Visitor: 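Structure provided below as C-alpha cells; questions to follow.
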Amino acid sequence: MPPSPPDAPLDLRPESPEFRRDPYPMLARLRAEDPVHWSPRLKGWVLTRYDDVRAALLDARLSSDRLRPFFAALAGEEAARIAHLARYLSLWMVFRDPPDHTRLRRLAGRVFSLAAMSAMRPAVEALVERLLDRLDGRREIDFVADFAGPLPALVVMAMLGVPEEELARVKRLSDELALFIGSARTEGGKYARAERAAAEMADFFAALIAERRRAPGADLLSALVRLEHEGDRLGEDELLATCILLLFAGHETTTNLLANGLAALLRFPGEMAKLRAQPALAPRAVEELLRYDGPSIAQVRVVAVAHELRGRRLAAGERVFLMLNAANRDPEVYDEPDRLRLERGGPAHLAFGFGPHLCLGFPLARLEAQVAIPAVLRRWREIALAVPEEAIEWHDSLVFRGMTRLPLAVAPA
Ligand code: HEM
C-alpha cells in the first residue's frame with residue numbers, strides 16, 4: 001500500500017485489496033495515531049498496541065460470547081436458515097466465557113493434550129516427506145494447494161482418526177465454514193454454504209462417532225467418546241461441536257503459518273540462508289514467523305461491562321477487534337518490527353492469543369512448522385515466487401490472514 005499522506009483521515013477498509021495484501025502500513029498508523037480507534041465500517045473498536053491487546057485478552061469485561069447474541073437477534077426465518085451453524089458454533093469453547101469455557105476446555109484438553117500432540121512428531125515427519133515426495137520432478141508448485149493446505153488437515157485428521165481419503169471433503173467443508181467465521185459480509189449466499197457445511201460436518205462426525213462407539217480405536221475421537229472426567233462428560237452436541245472445532249481450527253491457521261512463513265523467508269533471503277545453514281534455528285524461526293505475519297490477524301470480543309480505555313468509552317454490546325498482527329509489530333516492544341529477524345527473541349508474540357483462550361493447539365502448530373519449513377528448504381535448493389508478489393491473492397477475511405495460492409518455482413537440492 002502506498003504510504004498515506006500524514007494528514008489523510010484514518011480509513012480502515014479491511015476488505016480492500018490493498019489492506020488484504022499489506023495491512024501493516026494502516027495498522028502502524030492506527031497504532032501511532034489512534035490506538036483505540038472506532039471503525040464506522042466494522043462498527044467496532046480496533047485495538048492495535050501490544051499492551052492494550054494483551055491486556056484485553058485477559059480482561060473479563062470483554063466477552064468471547066459473541067455468537068449467541070448474534071444468533072438470538074435473528075428473526076425466525078433468518079434463524080432457521082443458519083440453524084446448524086447456531087447449534088454447533090454456539091458450543092465452541094472459543095465463543096464461550098467461564099464457566100462454560102472452562103468446562104469445555106478442560107474436557108477437550110484431557111484428550112487433546114500436550115502429550116497427544118507431541119506424540120504426533122513421527123507422523124508429522126512422515127507426512128511432510130510423503131507430500132514432498134509427491135512433488136518430486138515438479139518445477140512449479142502451488143505451495144498452498146500442494147503442501148501447506150493438505151499437511152495440517154492430514155495431521156489433525158490422523159489425530160482424530162478421520163480417514164485420509166476424506167481430505168478433499170474436509171477441505172471443502174472447512175473452506176465453506178470459514179465463509180461464516182472469517183467474513184463480515186453476507187452477500188453471495190455465503191451463509192447458506194456455511195450452513196450446509198455445518199450440517200454436513202455434523203452428519204459426518206455423527207457417523208464416525210457411532211462407528212467408534214461400536215469399535216473403539218486408538219484415535220482421539222475414540223478417546224473423546226469415552227471421555228469422562230470428575231463425573232462430567234461432553235454432551236452429544238458438544239462432542240460434535242468440539243470435533244468440528246478441532247478439525248477446523250487445526251488446519252486453516254496452520255496452512256497460513258506455513259505459507260505466510262515461507263513468503264516471509266523469500267522476502268528476507270538472508271534470513272532464509274541462515275535457516276538453511278542452521279536448521280536447529282527452526283524453533284526460534286517459527287516464533288519469529290508467527291510474530292512477523294501471523295495467520296490470525298484479529299480476534300473479536302464484545303464489551304460485557306462498559307469501561308474506558310485511553311479516554312474512549314467502550315459501551316456494553318460494542319465489538320472490539322484485537323489486532324494481533326498490529327500488536328506483534330509494536331515498535332515499543334520490538335526493535336525494527338517490520339524486519340524479519342529469526343534470532344530476535346524478546347517478549348512473546350500474541351499470534352496464538354493469550355490468557356484463558358490461548359490457542360489449545362499451539363504445540364501442534366509449532367511442531368508442524370518446525371518440521372515442515374526446514375524440510376522444504378532441504379528439499380529445494382532454489383525457491384522463488386513464480387508470480388510477482390502483487391499478483392498473489394489474499395483471503396477476504398477479518399480473522400484469517402493467508403494467501404489463496406502461493407505459486408513457486410523450485411529446483412531440487
Ligand atoms: C499457526 C496456527 C494457529 C494459530 C495462529 C492459532 C491461533 C489461535 C488463536 C489466536 C486463538 C485464540 C482465540 C481467542 O482468543 O478468541 C486460538 C484458539 C484455539 N485454537 Fe488455535 N491456532 C493455530 C492452530 C491450532 C491448531 C493446530 C489447533 C488444534 C488442532 C487449534 C485449536 C484451537 C482451539 C480449540 C482454540 C480455542 C481455545 C479456547 O477458546 O480456549 N489451533 N487459536
Side-chain angles (χ1 to χ4, degrees), residues 47 53-54 56-59 62-67 89 91-114 116-118 120 124 148 151-160 162 170 174 181-182 220-221 224 238 241-261 286-287 289-302 319-325 327-328 348-370 372-373 397-402:
L47 271 51
V53 171
R54 189 173 180 278
L57 288 164
L58 289 174
D59 194 332
L62 296 175
S63 166
S64 286
D65 195 349
R66 51 197 180 275
L67 280 191
L89 269 52
L91 295 173
W92 280 12
M93 68 183 89
V94 68
F95 296 132
R96 300 306 286 260
D97 292 328
D100 300 334
H101 168 261
T102 323
R103 174 180 163 263
L104 289 170
R105 181 161 175 134
R106 197 177 45 220
L107 282 169
R110 302 280 307 169
V111 168
F112 206 83
S113 62
L114 185 57
M117 289 184 253
S118 308
M120 286 303 288
V124 171
L151 175 69
L154 287 169
V155 170
V156 77
M157 286 166 66
M159 280 185 92
L160 287 172
V162 175
V170 163
S174 290
I181 292 159
L220 294 196
L221 192 57
L224 276 171
E238 287 173 343
T242 302
C243 290
I244 298 172
L245 170 62
L246 289 173
L247 194 68
F248 177 78
H251 72 273
E252 300 286 349
T253 41
T254 314
T255 295
N256 296 342
L257 167 59
L258 299 174
N260 298 3
V286 167
E287 296 317 296
L289 294 172
L290 282 157
R291 182 202 69 81
Y292 175 79
D293 199 11
S296 174
I297 188 165
Q299 288 298 325
V300 189
R301 297 290 189 265
V302 174
R319 290 198 298 172
V320 186
F321 292 82
L322 312 179
M323 306 306 287
L324 304 181
N325 286 13
N328 285 339
H349 61 71
L350 301 177
F352 290 123
F354 189 68
H357 287 278
L358 173 72
C359 176
L360 183 67
F362 81 83
L364 183 64
R366 263 186 187 155
L367 166 68
E368 290 180 49
Q370 289 173 10
I373 291 177
S397 168
L398 279 174
V399 178
F400 302 114
R401 172 154 172 81

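Whatever order the structure lists ligands and atoms in, that order sets their numbers, starting from 1. Here the structure is a predicted model, which is why all the values come from computation and not from measurement.
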Visitor: Which is closest to atom 16 (O) of ligand 1 by heavy-atom distance: Arg301, His251, Glu252?
Guide: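 Answer by nearest heavy atom: Arg301.
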Visitor: Under 4.0 angstrom from ligand 1, any heavy atom of Pro356?
Guide: yes
Visitor: Can you classify the ring geometry of Phe400 versus Phe248 as parallel (below 30°), tilted (30 to 60°) or perpendicular (above 60°)?
Guide: perpendicular
Visitor: Contact between Ile373 and Leu289 at the side-chain level, heavy atoms closer than 4.5 Å - yes or no?
Guide: yes
Visitor: What verdict does the side chain to side chain donor-acceptor pair (under 3.5 Å) test give for Ser64 and His357, after you've listed the backbone C-alpha separation in whole Å, the side-chain angles of each residue and the deciding distance to 0.1 Å?
Guide: CA-CA 9 Å; Ser64 286; His357 287 278; 3.2 Å; yes
Visitor: Going by the order shown, which atoms of ligand 1 are within less than 4.0 Å of some heavy atom of Ala351?
Guide: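 Heavy-atom distances to Ala351 below 4.0 Å select 5 (C), 7 (C), 10 (C).
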Visitor: Please list, in number order, the atoms of ligand 1 under 4.0 Å from a heavy atom of Thr254.
Guide: 2 (C), 24 (C), 27 (C)
Visitor: Looking only at heavy atoms, is any part of His101 under 4.0 Å from ligand 1, and if so is it the side chain, the backbone, or both, or is it neither?
Guide: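 Looking at His101 and ligand 1, just side chain atoms fall under 4.0 Å.
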Visitor: Closer than 4.0 Å to some heavy atom of Leu257 - which atoms of ligand 1 meet that?
Guide: 1 (C)
Visitor: At a non-hydrogen distance cut-off of under 4.0 Å, which region of Cys359 contacts ligand 1 (side chain, backbone, both, or neither)?
Guide: both
Visitor: Where's the contact between Thr253 and ligand 1, heavy-atom distance under 4.0 Å: side chain, backbone, both or neither?
Guide: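 Looking at Thr253 and ligand 1, atoms from backbone and side chain both fall under 4.0 Å.
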Visitor: Could you check whether any side-chain heavy atom of Ile181 comes within less than 4.5 Å of a side-chain heavy atom of Trp92, counting everything from C-beta outward?
Guide: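 Ile181 reaches Trp92 side chain to side chain.
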Visitor: For ligand 1, which atoms sit closer than 4.0 Å to a heavy atom of Gly250?
Guide: 26 (C), 27 (C), 28 (C), 29 (C), 30 (C)
Visitor: Could you tell me the residue and atom name of the protein heavy atom closest to atom 11 (C) of ligand 1, and the distance to it rounded to 0.1 Å?
Guide: Phe352 O, 3.9 Å
Visitor: Going by heavy atoms, is Gly294 under 4.0 Å from ligand 1?
Guide: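 No, Gly294 has no heavy atoms under 4.0 Å from ligand 1.
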Visitor: Using only atom types and a distance under 3.5 Å, with no angle test, would you say the side chain of Thr102 pairs donor to acceptor with the backbone of Pro98?
Guide: no
Visitor: Pull out every atom of ligand 1 sitting under 4.0 Å from any heavy atom of Leu360, numbered as shown with elements.
Guide: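 The atoms of ligand 1 under 4.0 Å from a heavy atom of Leu360 are 19 (C), 20 (N), 33 (C), 34 (C), 35 (C), 36 (C).
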Visitor: Examine the proximity of ligand 1 to Leu324 and report which part, side chain or backbone, both or neither, has a heavy atom under 4.0 Å away.
Guide: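 It is the side chain that gets close, since no backbone atom is under 4.0 Å.
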Visitor: Has Arg301 got a side-chain atom pairing as donor or acceptor with Val320's backbone, closer than 3.5 angstrom?
Guide: no
Visitor: Would you mind reporting whether Leu57 and Pro356 have side-chain heavy atoms less than 4.5 Å apart?
Guide: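 Side-chain contact under 4.5 Å: no.
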Visitor: Measuring from the heavy atoms of Arg366, does anything fall under 4.0 Å of ligand 1?
Guide: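 Contact check Arg366 vs ligand 1: negative.
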Visitor: Atoms of ligand 1 less than 4.0 Å from Arg105 heavy atoms?
Guide: 38 (C), 39 (C), 41 (O)
Visitor: Are the side chains of Val302 and Asp65 in touch, meaning some heavy atoms are under 4.5 Å apart?
Guide: no
Visitor: Taking non-hydrogen atoms only, is His357 closer than 4.0 angstrom to ligand 1 via side chain, backbone, both or neither?
Guide: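 Looking at His357 and ligand 1, atoms from backbone and side chain both fall under 4.0 Å.
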Visitor: Can you list the atoms of ligand 1 that are under 4.0 Å from a heavy atom of Pro295?
Guide: 1 (C), 5 (C)
Visitor: Using a 4.5 Å cut-off on heavy atoms from C-beta on, say whether the side chain of Thr242 contacts that of Leu246.
Guide: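 In short, these two side chains touch, coming nearer than 4.5 Å.
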Visitor: Looking only at heavy atoms of Leu104, does any of them come nearer than 4.0 Å to an atom of ligand 1?
Guide: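 Per 4.0 Å heavy-atom rule, Leu104 does not contact ligand 1.
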Visitor: Check for me whether Ser64 has a heavy atom closer than 4.0 Å to any atom of ligand 1.
Guide: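 Not so, Ser64 does not reach ligand 1.
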Visitor: Test of understanding: given a 4.0 Å heavy-atom threshold, classify the contact between Gln299 and ligand 1 as side chain, backbone, both, or neither.
Guide: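 Side chain only; the backbone of Gln299 stays clear of ligand 1.
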Visitor: So, 4.0 Å and heavy atoms of Phe112: is ligand 1 close enough to count as a contact?
Guide: yes
Visitor: Run the numbers on Arg110 and Leu224 for side chain to side chain contact (heavy atoms under 4.5 Å, CB included), then give the verdict.
Guide: CA-CA 9 Å; Arg110 302 280 307 169; Leu224 276 171; over 6 Å; no
Visitor: Please check if the side chain of Asp293 supplies one atom and the backbone of Asn260 the other of a donor-acceptor pair under 3.5 Å.
Guide: no
Visitor: To check you understand the geometry: which heavy-atom pair defines the closest contact between Cys243 and Leu221, and what is its length?
Guide: SG-CD1, 3.3 Å
Visitor: If you count every heavy atom of other residues, nucleotides or ligands that lies below 6.0 Å from Arg103 atom CZ, does the total exceed 12?
Guide: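 Correct, the count exceeds 12.
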Visitor: Show the atoms of ligand 1 that are less than 4.0 angstrom away from any heavy atom in Ala365.
Guide: 1 (C), 2 (C), 24 (C)
